[in-house]
> 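One structure, pasted below without further comment.
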Amino acid sequence: MAITAIKGFNDILPAESGRWQHIEQAARRVFELNGFSEIRVPIMEKTDLFCRSIGDATDIVEKEMYSFVDKGENSVTLRPEGTAGVMRAFIEHKLYAQDPVAKLYYLGPMFRYERPQKGRYRQFHQIGAEITGVHDPLADAQVLNMLVQFFREIGLDEPQLQVNSLGCPECRPAYRAALIEFLEKRVDALCEDCRRRLSTNPLRALDCKVPGCIEATAGAPSVLDSLCTGCDEHFSGVKRYLELTGTSYSINPRMVRGLDYYTRTTFEMVTTLLGSQSAVAAGGRYDGLISQLGGPAIPGIGFAMGVERVALLLGEKAFTRPPDLFMATLGSGERAFAFNLMHKLLQKGIRVEMDYEGKSLKSQMRRADKLGARYCAVIGESEVASGRAVFKRMADGGQVEAAMEVSEVLEILS
RNA sequence: GUGGCCAUGGUGAAGCGGUUAACACUUACGACUGUGACUCGUACAUUCGAGGGUUCAAUCCCCUCUGGCCACCCCA
């Protein structure tokens, strides 16, 4: 048996890479339009970075990280998400000293040791963006609007924006306590998982799909009712700005996030088309993260989207670049002639293809058709002698005779 | 970590105890010795994930292993 890829690690084959590029290019275009700059950070970090940011007790840190001890006996980890590394770089290079307001985006692979399933892989890719240094809900709204714009740009209007506020270290503990108290009274009605969640992550119980739990938690207290004044005003601001710009959203007070560093605003772009992997993009505010990592007390907000999930939503649509011209040749002398012409045309940015190994004319024509070439020219002895050839429009068979000169070919293709 | 389903060629797949292992797509070549698409012809799995077992006989039955998918958990 030949060696295969690691479980949960996928190859992006040529048939799919066009779709990936389409997604990545749209993200770069939209993000840069919004004033974001790319930041490239390593895919491995010291393990401690993730423990301190994501949270020691989260599933990600507890059981999903690809961690190992390197030859220098340092514990290192393949990044399970992007924000921690970006903020580490932000602090390490003191980017805040120049300007506390940074708008950064990144893209690349992330790693989580989970059981693979639809839309979930051990190596997966995220495109994310972060704004630091702005407390005002305008930053929240800008990030959300940009995310929505991205989805519109790639032609997906299906994912819906849901927002919530998780409060801050001031008001969240009280809510958590109230929720636990509420759930404990109904513990008999809860499923096994939710009983466990009671002690690990009570918020999760609100998100449970078991009918009995949905019923039992129907009257549970809402985070939004227990926000402190500051958080409440902030959340109102976010909603107000979204409404101002006509961005449609819904409020989901039961939305739960998996990372400990989130404060106040959290959000998801959700879809019903991906089975249980409903979140295509998600994020939130993390006002305490930067100082937690040893930086100044600077707030932040950002999101990450799962490229595999976006690609899945885009479906099978092909993103290919058919050649402008295919040159079919009849002998080795003609092949050399065509090769030289191809070289000149390529310098001009014309997409040209030809046969490399003396296939029959029929084969070459078939290939021109298969590649979706706009034009095909047959080059034989007489064409080389006269310097002129017939250019056939593959779509309708129309033919144009012209000199095999760069300028004339450009003319035909224009 | 838990559960369910499934493993036949490059792909989608039929076959379910003895077959030349269907059919379709793809690919290659050809049907005008210089023109694609449509049509037609020819070729393309000594072999049915791996290893054992049952049987005169196994792709079809049994066991083990490996792999994949989907769901739970969790998450982008």
Side-chain angles (χ1 to χ4, degrees), chain A residues 1-8 10 13 15 23 54 57-64 79-83 107-128 147 159 191-194 196-197 200-201 203-204 207-210 255-259 267-271 274-284 302-313 326-331 334 357 359-383 389-397 399:
Chain A
M1 189 55 170
I3 295 176
T4 57
I6 301 170
K7 185 194 197 76
N10 299 121
L13 301 177
I23 295 168
I54 298 169
T58 58
D59 274 31
I60 293 179
V61 171
E62 264 184 0
K63 46 195 193 197
E64 296 175 1
R79 63 183 183 192
E81 62 102 36
T83 303
L107 73 188
M110 307 292 162
F111 304 84
R112 261 122 95 159
Y113 192 88
E114 299 183 271
R115 195 80 160 252
Q117 69 189 69
K118 190 190 192 78
R120 193 174 73 187
Y121 311 97
R122 289 185 174 178
Q123 181 188 97
F124 60 103
H125 297 76
Q126 289 188 332
I127 303 179
L147 188 54
C191 71
E192 207 177 305
D193 281 329
C194 283
R196 178 177 49 77
R197 286 169 179 139
T200 57
N201 192 351
L203 285 280
R204 278 261 166 236
D207 198 35
C208 187
K209 288 142 203 133
V210 176
M255 189 169 80
V256 188
R257 307 272 60 248
L259 286 56
F267 53 90
E268 287 184 353
M269 293 294 290
V270 300
T271 176
L274 250 39
S276 57
Q277 261 55 247
S278 59
V280 209
F303 65 81
M305 65 181 140
V307 180
E308 283 82 356
R309 292 182 184 180
V310 174
L312 239 29
L313 287 177
F326 187 97
M327 293 186 292
T329 54
L330 297 173
E334 288 79 24
E357 43 193 352
K359 294 264 170 105
S360 70
L361 179 62
K362 182 170 205 74
S363 296
Q364 295 187 62
M365 290 301 292
R366 278 181 176 159
R367 182 161 180 78
D369 185 55
K370 198 182 79 169
L371 293 174
R374 280 173 65 208
Y375 280 87
C376 180
V378 178
I379 299 172
E381 224 176 309
S382 62
E383 281 80 7
V390 169
F391 293 80
K392 180 175 183 176
R393 217 179 304 120
M394 298 299 277
D396 60 10
Q399 305 201 339

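Here the structure is a predicted model, which means the values were calculated and not measured. Proteins get letters first, then strands, A, B, ... in listed order; numbering begins at 1 in each.
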> State plainly whether the residues R112(A) and E81(A) are in salt-bridge range, i.e. N to O under 4.0 Å.
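So R112(A) does not pair with E81(A) through a salt bridge.
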> Rounded to the Å, how far apart are D396(A) CG and A37(B) C1'?
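The distance from CG of D396(A) to C1' of A37(B) comes to 13 Å, rounded to the nearest Å.
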> Rounded off to whole Å, could you give me the CE-to-P distance for the M110(A) and A76(B) pair?
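In whole Å, A76(B) P and M110(A) CE are 11 Å from each other.
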> For G283(A) and R257(A), work out which heavy atoms get closest and say how close.
O-CD, 3.8 Å
> Determine whether any donor atom in the side chain of E381(A) lies under 3.5 Å from an acceptor atom in the base of G34(B), or the reverse, and answer yes or no.
no
> Let me know the distance between CG of D369(A) and C1' of A37(B), rounded to the nearest Å.
5 Å
> May I ask you to say what G119(A) touches in the nucleic acid, namely base, sugar-phosphate or nothing, with a heavy-atom cut-off under 4.0 Å?
base
> Rounding to the closest angstrom, what is the interatomic distance between U26(B) and C16(B) at atom C1'?
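Each nucleotide's C1' atom is 28 Å from the other's.
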> Which is true for T58(A) with a 4.0 Å heavy-atom rule: it touches a base, it touches only sugar-phosphate, or it touches nothing?
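Result for T58(A) = nothing.
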> Give the nucleotide from the list G30(B), C72(B), A76(B) with an atom nearest to the side chain of R257(A).
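Of the options given, the side chain of R257(A) lies nearest A76(B).
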> Pick base, sugar-phosphate or nothing for R367(A), based on heavy-atom distances below 4.0 Å to the nucleic acid.
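Since no nucleic acid heavy atom lies under 4.0 Å of R367(A), the category is nothing.
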> Once you apply the 3.5 Å cut-off to both distances, tell me the Watson-Crick or G-U wobble partner of G41(B), or none.
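Partner of G41(B): C29(B).
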> Is there a side-chain polar atom (N or O) of Q117(A) under 4.0 Å from OP1 or OP2 of C72(B)?
yes
> At under 4.0 Å, does any side-chain N or O of S360(A) touch on OP1 or OP2 of U33(B)?
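Indeed not, no polar side-chain atom of S360(A) lies that close.
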> Provide, to the nearest angstrom, the distance between the NZ atom belonging to K7(A) and the C1' atom belonging to U66(B).
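About 10 Å, once rounded to whole Å.
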> With P as the reference atom in both, quote the distance from C65(B) to C23(B) in angstrom, rounded to an integer.
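Here C65(B) and C23(B) have their P atoms 38 Å from each other.
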> At 4.0 Å (heavy atoms only), tell me whether Y121(A) reaches a base, stays on the sugar-phosphate, or touches nothing.
base
> Let's test your reading of the model: under 3.5 Å, does the base of G30(B) pair with the side chain of R366(A) as donor and acceptor?
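Checked by distance alone, the answer is yes.
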> Expressed in whole Å, how much space separates the C1' atoms belonging to G12(B) and A45(B)?
15 Å
> If you compare every side-chain N and O of R197(A) against the phosphate oxygens of C74(B) (OP1, OP2), does one of them come in below 4.0 Å?
yes
> Please check this pair: side chain of E308(A) against backbone of H125(A), looking for a donor-acceptor N/O pair closer than 3.5 Å.
yes
> Look at R366(A) together with D369(A) and state whether they make a salt bridge at an N to O cut-off of under 4.0 Å.
no
> Please measure how far the C1' atom in G67(B) lies from the corresponding atom in U8(B), and state the result in whole Å.
15 Å
> Heavy atoms under 4.0 Å, any strand shown: does L259(A) hit a base, just sugar-phosphate, or nothing?
sugar-phosphate
> Nearest to the side chain of L361(A), heavy atoms from C-beta on, is which of G34(B), U27(B), G36(B)?
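Closest of the options to the side chain of L361(A): G34(B).
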> Give the rounded distance in Å between these two atoms: CD of E268(A) and C1' of C74(B).
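Atom-to-atom, E268(A) to C74(B), this comes out as 12 Å.
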> Using a heavy-atom cut-off of 4.0 Å across all strands, would you classify E383(A) as base, sugar-phosphate, or nothing?
base
> So what does V378(A) touch, heavy atoms closer than 4.0 Å: a base, only the sugar-phosphate, or nothing?
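Answer is base: heavy atoms of V378(A) come under 4.0 Å of a base.
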> Answer yes or no: side-chain N or O of K362(A) and base N or O of G36(B) forming a donor-acceptor pair under 3.5 Å.
no
> Return the value, rounded to whole Å, for the distance between atom CG of D193(A) and atom P of C74(B).
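Rounded to the whole Å, the gap is 6 Å.
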> Expressed as a whole number of angstroms, how long is the span from K359(A):NZ to G36(B):P?
17 Å
> Please determine, by modelled atom types, if Q364(A) and R367(A) share a side-chain donor-acceptor pair under 3.5 angstrom.
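Checked: Q364(A)/R367(A) side chains show no N/O donor-acceptor pair below 3.5 Å.
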> Which value, in whole Å, describes the distance between the P atoms of nucleotides G9(B) and A21(B)?
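Approximately 15 Å lies between the P atom of G9(B) and that of A21(B).
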> For nucleotides U27(B) and U11(B), find the distance between their P atoms and express it as a whole number of Å.
15 Å
> Determine, for Y113(A) and R122(A), whether the Lys NZ or Arg CZ falls below 6.0 Å from the six-membered ring centre while staying within 45 degrees of the axis.
yes
> Expressed in angstrom and rounded to an integer, what is the separation of I23(A) atom CD1 from A76(B) atom P?
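These atoms are roughly 18 Å apart.
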> Across the strands shown, which category fits K118(A) at heavy-atom distances under 4.0 angstrom: base, sugar-phosphate, nothing?
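The answer is sugar-phosphate, as K118(A) gets under 4.0 Å only of primed atoms, P, OP1 or OP2.
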> Please check the phosphate of G34(B) (OP1 and OP2 only) for any side-chain N or O of S382(A) closer than 4.0 Å.
no
> Within the pair R196(A) and C73(B), is there a side-chain N or O less than 4.0 Å away from OP1 or OP2?
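No, outside the criterion.
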> Does the side chain of R120(A) get closer than 4.0 angstrom to OP1 or OP2 of C74(B) through an N or O atom?
no
> For a side chain to side chain contact (heavy atoms under 4.5 Å, CB included) check, start with the C-alpha distance between V280(A) and M305(A), then their side-chain angles and the critical distance, and finish with the verdict.
CA-CA 6 Å; V280(A) 209; M305(A) 65 181 140; 5.7 Å; no
> So G128(A), base contact, sugar-phosphate only, or nothing? Heavy-atom distance under 4.0 Å.
nothing
> With a 3.5 angstrom cut-off on both distances, give the Watson-Crick or G-U wobble partner of A57(B), or none if there isn't one.
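With both distances under 3.5 Å required, A57(B) matches none.
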> Identify whether any heavy atom of A368(A) sits under 4.0 Å from a base atom; if not, whether one sits that close to sugar-phosphate; answer base, sugar-phosphate or nothing.
nothing
> If I take atom CZ from residue F303(A) and atom CG from residue L147(A), how far apart are they, to the nearest 0.5 angstrom?
4.5 Å
